[in-house]
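Right, one structure below, let's go through it.
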Amino acid sequence: MPVAVGPYGQSQPSCFDRVKMGFVMGCAMGMAAGALFGTFSCLRIGMRGRELMGGIGKTMMQSGGAFGTFMAIGMGIRC
């Protein structure tokens, strides 16, 4: 099967590259949302100091991983 060539002669990214890009974009968006929501929820229940940073980090990792996974699946479907 011939390789698809875009404008100016460059080749298109492979399906695996698109899935990786979807995961990274989703992870970045999820971590940003997790930082916002995690900060508000941790401050609301009265966390301070090291406990606050741990709670925010945990929320960021959870939401980043979840949203990144869904974005990767969506990009894989589009391939």
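Since we're looking at a predicted model, the values are computed, not measured.
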Report task. Identify, with sequence neighbours excluded, every residue that meets side chain to side chain contact (heavy atoms under 4.5 Å, CB included) alongside Lys20. Result -> Phe16, Asp17
Report summary line: For Ser63 and Gly34 the tightest heavy-atom approach is OG-CA, 3.2 Å
Report summary line: Tightest non-hydrogen contact, residues Leu52 and Cys42, listed as CD1-CB, 3.5 Å
Query raised in the report: Going hydrophobic residue to hydrophobic residue with side-chain gaps under 4.5 angstrom, can you get from Phe37 over to Met31?
Result: no
Query raised in the report: Got a sec, which residues hit side chain to side chain contact (heavy atoms under 4.5 Å, CB included) with Met29, two or more places apart in sequence or on another chain?
Result: Phe67
Query raised in the report: Are Met71 and Val24 connected, step by step, through hydrophobic side chains (Ile, Leu, Val, Met, Phe, Trp, Tyr) whose heavy atoms are closer than 4.5 Å?
Result: no
Query raised in the report: So with a 6.0 Å cut-off around CE of Met25, is the heavy-atom count from everything else above 12?
Result: yes
Query - Same cluster (ILVMFWY, side-chain, under 4.5 Å), Val19 and Met21 - result: no
Report summary line: Between the CE atom in Met60 and the CG atom in Leu36, the distance rounded to the nearest 0.5 Å is 9.5 Å
Query raised in the report: How many angstroms lie between CD1 in Ile56 and CZ in Phe40, if you round to the nearest 0.5 Å?
Result: 10.0 Å
Requested in this report: Please check if Leu43 and Ile45 belong to a single hydrophobic cluster, counting links between Ile, Leu, Val, Met, Phe, Trp and Tyr side chain heavy atoms closer than 4.5 Å.
Outcome: yes
